> 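Input: one structure, supplied below.
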Amino acid sequence: MHMRAHGDEYKTNAALTNPTQKPESGSGSGLGKRKYSCPHEGCRWNRKHAKFQPLKSIICVKNHYKRTHCPKMYVCNRCNRKQFSVLSDLRTHEKHCGDLRWMCSCGTTFSRKDKLMGHVSLFEGHVPVERNGTEVLEMNGRQNTS
């Protein structure tokens with residue numbers, strides 16, 4: 001299915017068939033897709049909820065339950081602010097925690113350039129600055145420092 005975006009030659013029926021996937025039979029055997037639900041009462045992913053939406057797998061149930069209904073026991077050692085209930089979420093956060101490479105003239109720092117540019121476009125008079133404190137103005141595709 002992914003390869004359809006790469007060109008017409010991948011959109012043929014032969015290219016789209018997946019030999020590892022079992023074909024669905026219309027014989028009415030009663031074996032449909034399994035619907036996994038959260039055991040927590042009142043949760044939207046609990047099968048008793050009015051707007052129930054099933055989870056894809058038992059692993060998704062486990063991660064959802066930990067992230068949503070369990071206490072957050074893991075704390076980031078770098079910033080001491082963010083807390084997580086899933087260890088892999090903490091590890092992902094630690095990869096980027098403290099990466100403040102982009103800065104605005106107001107003093108706010110960002111780890112991603114697109115977030116800085118969104119901030120600059122929201123506030124009039126705000127401009128990106130280099131780490132040494134000089135303003136960076138992009139005009140006509142070239143950088144000028146003032």
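On a predicted model such as this, the values are computed, not experimentally measured, just so you know.
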> In terms of side-chain geometry, is the basic nitrogen of E94 or R78 positioned less than 4.0 Å from the acidic oxygen of its partner?
no
> Indicate, with yes or no, if Y36 and W45 share a hydrophobic cluster defined by side-chain heavy-atom contacts under 4.5 Å among Ile, Leu, Val, Met, Phe, Trp and Tyr.
yes
> Out of curiosity, C38 SG to R47 CZ, how far, rounded to the nearest 0.5 Å?
11.0 Å
> Are side-chain heavy atoms of P128 and W102 found at a separation under 4.5 Å?
no
> If every non-hydrogen atom of V61 is compared with every non-hydrogen atom of S37, which pair is closest and at what distance?
CG1-O, 3.8 Å
> Hey, could you give me the OG1/CG distance between T108 and L116, rounded to the nearest 0.5 Å?
9.0 Å
> Please report the C-alpha distance between N46 and E41 in whole Å, then the side-chain angles of each, then the deciding distance to 0.1 Å, and finally whether the side chain to side chain contact (heavy atoms under 4.5 Å, CB included) criterion is met.
CA-CA 6 Å; N46 183 296; E41 292 289 328; 4.2 Å; yes
> Is a side-chain N or O of S121 found less than 3.5 angstrom from the main chain of G118, in a donor-acceptor match?
yes
> If you apply the rule side chain to side chain contact (heavy atoms under 4.5 Å, CB included), what do you find for C76 with L90, and how did you get there?
CA-CA 7 Å; C76 177; L90 172 64; 4.0 Å; yes
> Give me the atom names and distance for the closest heavy-atom approach of S85 to P71.
CB-O, 3.5 Å
> Indicate, with yes or no, if M73 and F84 share a hydrophobic cluster defined by side-chain heavy-atom contacts under 4.5 Å among Ile, Leu, Val, Met, Phe, Trp and Tyr.
yes
> First locate atom NZ of K56, then atom NE2 of H64, and finally report the distance between them rounded to the nearest 0.5 Å.
15.0 Å
> Counting only heavy atoms not in I59, do more than 12 fall under 6.0 Å of its CD1?
no
> Starting at CZ of F110, measure out to NZ of K115 and round the result to the nearest 0.5 Å.
10.0 Å
> Before giving the answer on side chain to side chain contact (heavy atoms under 4.5 Å, CB included), spell out for D89 and R67 the whole-Å C-alpha distance, their side-chain angles and the decisive distance to 0.1 Å.
CA-CA 9 Å; D89 292 346; R67 287 180 178 122; 2.7 Å; yes
> Supply the atom-to-atom distance C43 SG to F52 CZ, rounded to the nearest 0.5 angstrom.
9.5 Å
> Minimum heavy-atom separation for K72 to Q83, with atom names?
CD-O, 3.5 Å
> What is the minimum heavy-atom distance between V129 and S105, and which atoms define it?
CG1-CA, 3.8 Å
> Side chains of P39 and H69, heavy atoms from C-beta outward: is any pair under 4.5 Å?
no
> Which heavy-atom pair separates H126 from V120 by the least distance, and what is that distance?
O-CG1, 3.1 Å
> Let me confirm one number: the OH-CZ distance from Y74 to R91, rounded to the nearest 0.5 Å.
8.5 Å
> Strictly distance-based, threshold 3.5 Å: is any side-chain N or O of T109 a donor or acceptor partner for the main-chain N or O of M103?
no
